[in-house]
Every structure is written in C-alpha cells, then in structure tokens.
Amino acid sequence: MIALAVALALQSTTAFVDGQFDPIAELIAQNAPQAREASAPAPTGCRGQYEQGALIICRFEPGTRLDLGESVAVADAQGFAVLGIPRNAPEEMLFEMSTVNVVNSTNQIDETQILFITQREYNLQHVDGVPQATVTPDPSTLPRRQREYAQKQGAFNSVWDGQGFLDGFISPAEGITTGVYGSARVYNNGHEGSPHWGLDWANEVGTPVYAPAGGLVTLAEPDMYYEGGLIFIDHGQGLVSAFLHLSGVEVSEGDIVEQGQLIGAMGAGGRATGSHLDWRVKLRNQFYVDPQSLLDLDLSELR
C-alpha cells in the first residue's frame, strides 16, 4: 500500500503539468528510483538487533516454526526459539512463522514479512607473532588435526534441551578487548585466514574464565592443536559457546554449569600471540554469531 501510494503521488505531481498529461514527465517518473517500502515492525515476540552477526531470541506458541533466512528453529515447550543472522547476511531477509502439522509433517505459514538487516563494516587485522606451526602446519600433524576437528564438530552438533540462554549473558572474563567479531585476518606470512569469529580479551595467564550463561559442557580439553585449552558449552537449542587458548580447564564433558561458574583460566595455547581469551558462539553448527550481541540482549520482557 505504501509503495502504491508513492507511485500515485509521483504520477499526480510529475506526470501532469498545469493539469495536462506530460509524456516526458511520465517517462522520468517511470525510470526514477522507487521508494523502498518500509519494513513491517520486527516480530513482537522476538528480541535482538536485526544486524549482521546478531542473535535473536523469540517466544511464541510452543511448536511454532520460525524461519529467518537459513536459520530455522521450533519453539520449545515454553515457546522459546533461538535464531541468528550470519556475518554476511543480505540487506533483506525473509521471516516466516508457521504452524507444524504433526499429523502429516507439513507447515501452515501464518505470517511472512521482510526484515531489513543492518550491514556492518569489518576491519582487516594483521596478526604477527603467532606460532608458525599453527599457520602452516607440518603434514605430520594432519592425523591429530583431523581427529580434533571431528571432535569439535561432534561437540558443536549438540542440541541441549535446557534454557541456559534465558539467564541472559555476562562477560566470561576481565581484560582488554583485543579482537572483535567479523574482522578479516592476515597472519605472519601474508596468509589470509578465516574471519575472526570471536571476541577477545587479553589478560595475564591464569585469569579466571566464567560461564557467561548456564549450559551443558560438550567438550573440555586441555591441549588442542589450534586452540590450546578448549571448552564448549551448549546454552540450549544448539547455541554453543567456545572458549579458546585456556591454560586451565576446570570442568568436564557432561557437566551442567551455572552462569558465573568458574570453568577455566586464560592462557596462550594454540594459535595465539599472547595470553587472552577468545570467546566464540556458534548456532546449531551453522554459523557464528557475534558474542557482543549476546551481552546486549535484554530478555526480561520474554520471560
């Protein structure tokens, strides 16, 4: 309706001059940039910023299916669902809410709307001083790296039925921020690595690391090739935090932890230039979201 009104307004003001139809003005109007129709308000049952890399948490009727681009979730028994927006999401994403028919496994779409996604600019970061063996690994380390990759993938595939994410999130450690989500990285020898997926804090070796929210520990290893000490925590629905470069691991796989519980200590193991914590968050082993977006969430109105 908005777009139609704009088109009619253009016709009435530019295609007619002194009450007479003007074909030149009509041609200009037809080729003018069209006003973009305003997005419907963000879904009222969802909280989070609609920008690249953000986490979105919603509450609707239990069993409701929510689709936001490639991110798909079904509301749990209390109606909560966790969605995410990838780092390179387009300016517009389709949001659909549908009812799942358990009899014939079909979906009845109840609501569809286009959401406008804020685009971000990501920095290019040059990282020098990391151990060269973690930039261009020796072929002899391949079996270890393959074994650890499979181990990490298995842990990322966890989908815990708890709701640790409802606690909200706190910073897992104290320190100076030295890295942010999304930055492109170039290492020692000019090798361009994957974007930086986490949020980094630098501090002394041994600085305590705490659980930012409750959850299930799905991996706890003291010495991984790329990460050094490494812990994964599933906060529910496959929202998994990873804590890298630890010098100490204080939890075990299978533990249930509470928000603020000590889980480890900061270190400099693996691909690191010095003592720091790299906190990453991956959603259902599909893509990473910005940990800062978790810290900014206010879920008080959803609980």
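Bear in mind the structure is a predicted one, so any value in this text is a computation, not a measurement. FYI, side chains are in, hydrogens and waters are out, and symmetry mates aren't considered; it's all heavy atoms of this structure.
The minimum heavy-atom distance between V289 and A54, with the atom names listed, is CG1-O, 3.9 Å. Closest approach of R303 and R59 over heavy atoms only: C-NH1, 3.4 Å. Minimum interatomic distance between P195 and G182 (heavy atoms only, all atoms of both residues): CB-O, 4.0 Å. Of all the heavy atoms in M93 and L68, the pair that sits closest is CE-O, 3.7 Å. Counting all heavy atoms, side chain and backbone alike, Y50 lies closest to I85 at CA-CD1, 3.9 Å. Shortest non-hydrogen contact noted between A220 and V251 is CB-O, 3.5 Å.
In this view, E174 satisfies the side chain to side chain donor-acceptor pair (under 3.5 Å) rule with no residue, not counting sequence neighbours. Residues meeting the side chain to side chain donor-acceptor pair (under 3.5 Å) test with D161, sequence neighbours left out: none. With sequence neighbours left out, the side chain to side chain contact (heavy atoms under 4.5 Å, CB included) criterion links H276 to D200, A202, H245, A272, D278. T118 is linked by a side chain to side chain donor-acceptor pair (under 3.5 Å) to nothing, counting only residues two or more places apart in sequence or in another chain. Looking at residues two or more places apart in sequence or on another chain, you find a side chain to side chain contact (heavy atoms under 4.5 Å, CB included) between A211 and I233, V257, I263. Partners of V205 by side chain to side chain contact (heavy atoms under 4.5 Å, CB included), not counting sequence neighbours, listed by chain and number: S247, S275. Residues satisfying the side chain to side chain contact (heavy atoms under 4.5 Å, CB included) criterion with Q163, sequence neighbours excluded, are D76, Q78, F80, F165, L166.
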| said: Please evaluate residues D110 and T99 with respect to the criterion side chain to side chain donor-acceptor pair (under 3.5 Å), reporting the C-alpha separation (whole Å), side-chain torsions for both, the decisive distance (0.1 Å), and the verdict. | reply: CA-CA 7 Å; D110 301 316; T99 302; 2.4 Å; yes
| field | Worked check of side-chain contact (heavy atoms from CB on, under 4.5 Å) between M97 and I109 | value | CA-CA 6 Å; M97 185 169 62; I109 297 176; over 6 Å; no
| message | Test side-chain contact (heavy atoms from CB on, under 4.5 Å) on I56 and F95; report intermediate values, then the result. | response | CA-CA 12 Å; I56 308 294; F95 175 84; over 6 Å; no
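Looking at Q237, its side chain does come within 3.5 Å of a backbone N or O of V82 through a donor-acceptor pair.
D296 and Q292 share a side-chain donor-acceptor pair at under 3.5 Å. Counting only N and O atoms by type, the side chains of W279 and S241 include a donor and acceptor under 3.5 Å apart. Counted by atom type alone, S183 and N123 present zero donor-acceptor pairs between their side chains at under 3.5 Å. Judged purely by distance below 3.5 Å, without hydrogens or angles, the side chains of Q119 and Q52 pair a donor atom with an acceptor atom.
Within the structure, side-chain hydrogen bond (donor to acceptor under 3.5 Å, both in side chains) pairs that include any residue of residues 62-73 comprise R65-D67 (at least two apart or interchain). Residue pairs meeting the salt bridge (Lys or Arg N to Asp or Glu O under 4.0 Å) criterion with at least one member in residues 112-124, sequence neighbours excluded: R120-D290. The salt bridge (Lys or Arg N to Asp or Glu O under 4.0 Å) pairs that include a residue from residues 221-233 are R144-D223, K152-E227, where partners are two or more places apart or lie in different chains. For residues 242-264, no residue pair satisfies the salt bridge (Lys or Arg N to Asp or Glu O under 4.0 Å) rule, not counting sequence neighbours.
No side-chain heavy atom of V72 sits under 4.5 Å from any side-chain heavy atom of L66. No side-chain heavy atom of Y226 sits less than 4.5 Å from a side-chain heavy atom of E148.
Side-chain heavy atoms closer than 4.5 Å link hydrophobic residues (I, L, V, M, F, W, Y) into clusters, and following such links, possibly through other members, connects W201 to L246. Under a hydrophobic clustering in which Ile, Leu, Val, Met, Phe, Trp and Tyr are joined whenever their side-chain heavy atoms come within less than 4.5 Å, directly or via other members, V249 and L277 fall into the same cluster. Linking Ile, Leu, Val, Met, Phe, Trp and Tyr residues whenever their side-chain heavy atoms come within less than 4.5 Å leaves L239 and L216 in two separate clusters. Cluster membership check: L283 shares its hydrophobic cluster with L199, using side-chain heavy-atom separations under 4.5 Å among Ile, Leu, Val, Met, Phe, Trp and Tyr. Criterion: ILVMFWY side-chain heavy atoms under 4.5 Å apart, direct or through other members. Under it, W160 and L299 are not part of a common hydrophobic cluster.
The number of heavy-atom neighbours closer than 6.0 Å to CD of Q286, taken from other residues, nucleotides and ligands shown, is above 12. When the shell of 6.0 Å around CD1 of I176 is examined, it contains 12 or fewer heavy atoms from other residues, nucleotides or ligands. When the shell of 6.0 Å around CD of Q49 is examined, it contains 12 or fewer heavy atoms from other residues, nucleotides or ligands. Around CD of E301, the count of heavy atoms belonging to other residues, nucleotides or ligands within 6.0 Å does not exceed 12.
Taking Ile, Leu, Val, Met, Phe, Trp and Tyr as hydrophobic and joining them when side-chain heavy atoms fall under 4.5 Å apart, one finds Y288 in a cluster with Y122, F156, Y181, W197, L219, M224, L230, F232, V240, L244.
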